[in-house]
Protein chains: 2
Amino acid sequence: MQATTPPTAGRPRSDLNATVFAATLRSVRELGYAGATMDRIATAAGVAKTTLYRRWPSKGALIADCLLDAFGPVPLTGADRGEVVASAIRWIAAKISAPGAGAAFAGVFSDAINDPSLREILSKRFQEPYRVAVQDALGEPDDRVLLLIDVVTGTLLHRMGMTGEPMADADVEAMIDMVLRTFG
Amino acid sequence: MQATTPPTAGRPRSDLNATVFAATLRSVRELGYAGATMDRIATAAGVAKTTLYRRWPSKGALIADCLLDAFGPVPLTGADRGEVVASAIRWIAAKISAPGAGAAFAGVFSDAINDPSLREILSKRFQEPYRVAVQDALGEPDDRVLLLIDVVTGTLLHRMGMTGEPMADADVEAMIDMVLRTFG
DNA sequence: ACCATTACGCTACTGCGAGTAGCGCAATTA
DNA sequence: TAATTGCGCTACTCGCAGTAGCGTAATGGT
């Protein structure tokens with residue numbers, strides 16, 4: 001999300017990302033996605049709203065970056081393929097179940113429906129790295145990996161959207177069983 | 001969505017649902033979910049905006065009702081369980097792929113994230129009838145059927161949200177293969 | 001020391017869409 | 001004929017995303 005040309009002269013940017021990300025997640029957790037307005041996030045971070053817009057082009061982009069920072073890389077460990085897939089699914093399920101994170105994810109995702117530039121960010125900056133990592137680990141063709149990601153993430157988000165709550169562990173395990181019959 | 005007490009006196013409601021639903025789907029198809037404002041839908045239907053709000057409590061509720069009308073019941077036919085599941089999945093995939101319908105569905109779904117009353121409508125009026133129908137046809141326990149619905153619908157919507165396009169037939173078939181290993 | 005340059009905070013705005021209020025009129029039933 | 005309810009219309013309120021412009025702080029270059 002940083003500018004293409006990092007400037008050499010002038011006042012350097014202060015270290016605000018950590019503060020802003022923390023305030024963003026806290027706001028979404030307490031107020032929901034729609035309730036976490038840019039004004040509130042700015043206030044919660046002790047920062048001017050205009051500063052947010054100097055760094056991120058939109059609310060969706062800010063929250064996407066925030067999630068990217070909060071999630072980090074997928075762990076792809078396990079004795080065999082099945083365990084690799086299962087542990088990766090448990091990891092993303094846990095990330096989405098973290099308070100605030102699920103609502104934030106679903107919110108960004110929904111904004112992306114009406115904002116192609118945000119969809120670009122989401123698919124290129126978010127999905128793509130995970131797809132490459134999984135593909136390297138599993139050696140599946142890319143369309144299969146994309147389907148795998150659609151199934152896992154889509155299922156978790158759909159449950160979240162319908163019930164307002166993250167998916168229970170038992171259902172996560174049922175989904176893993178199902179996926180493993182194909183990708184295990 | 002109609003009032004709990006259909007009144008006996010006074011001017012009866014005119015037959016506007018078909019006109020409004022058609023105008024709604026057309027607006028979403030041409031302008032996207034966010035672009036299809038209540039003002040535009042009203043104008044396109046040749047109806048006052050206040051009339052829309054007399055019948056539906058929110059934009060999301062209107063579009064949910066519109067989709068309910070456009071989708072109709074799931075066909076649950078087929079020689080064996082596998083064919084029943086496969087044809088049902090192809091049916092919902094086709095419905096979501098219809099121009100406008102996918103964007104409308106995804107839009108309502110995203111509004112529901114921040115609107116519990118809309119979530120209620122979506123899960124009770126939309127998901128529940130389909131769940132019951134599938135459950136009767138397959139004889140699976142309800143949590144399994146709910147998972148099946150989450151997987152199928154979630155996957156289709158996730159693909160739609162990430163790419164802006166409905167899922168290609170080949171991928172739908174791949175998803176069917178995968179699901180049938182568990183539910184076939 | 002002194003620019004030029006860039007960042008930050010602040011106040012004040014624009015634009016737009018969801019949802020509402022109240023009026024006059026139309027179409028029913030009792 | 002009176003009461004009641006629906007419709008169209010105009011005109012709002014409210015809230016949020018995003019923007020403009022100013023004064024000031026912090027840096028590098030000369």
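Numbers restart at 1 for each chain; the letters A, B, ... are given by sequence-line order, proteins then strands. Computed from a predicted model, the values in this text were never measured in an experiment.
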N-O pairing of [X] and [Y] below 4.0 Å:
| X | Y | value |
| --- | --- | --- |
| R131(A) | E140(A) | no |
| R55(B) | D65(B) | no |
| E120(B) | K124(B) | yes |

Restricting to nitrogen or oxygen on both sides, can you table the protein-nucleotides 25-28 of chain D pairs closer than 3.5 Å?
residue, atom, partner, partner atom, Å
dA25(D), N3, R11(A), NH1, 3.2

Practice problem: Tell me whether the guanidinium CZ or amine NZ of K59(A) lies under 6.0 angstrom from the six-membered ring centre of Y33(A) and within 45° of its axis. | Solution: yes
Exercise. Give a yes/no answer on whether the side chain of R54(A) brings an N or O atom under 4.0 Å of OP1 or OP2 in dG9(C).
Key: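 Checking R54(A) against dG9(C): no side-chain N or O falls below 4.0 Å of OP1 or OP2.
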Quiz item: So does T51(A) get a side-chain nitrogen or oxygen closer than 4.0 Å to the phosphate oxygens (OP1/OP2) of dG9(C)?
Solution: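 Yes, because at least one side-chain N or O of T51(A) sits under 4.0 Å from OP1 or OP2 of dG9(C).
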Practice problem: Give every residue pair that meets the salt bridge (Lys or Arg N to Asp or Glu O under 4.0 Å) criterion with at least one member in residues 38-53 of chain A, sequence neighbours excluded. | Solution: D39(A)-K49(A)
Nearest-Å distance for atom pair [atom1]/[atom2], residues [X] and [N]:
| X | N | atom1 | atom2 | answer |
| --- | --- | --- | --- | --- |
| L118(A) | dG18(D) | CG | C1' | 15 Å |
| D115(A) | dC16(C) | CG | P | 17 Å |
| L62(A) | dG18(D) | CG | P | 10 Å |

Quiz item: Any donor-acceptor pair under 3.5 Å between the side chain of K49(A) and the base of dG18(D)?
Solution: yes
Quiz item: Is there a donor and acceptor pair, one atom on the side chain of T50(A) and one on the base of dC10(C), closer than 3.5 Å?
Solution: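 Side chain to base: pair found, below 3.5 Å.
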Quiz prompt | Aromatic centroids of F126(A) and F105(A) separated by under 6.0 Å | solution = yes
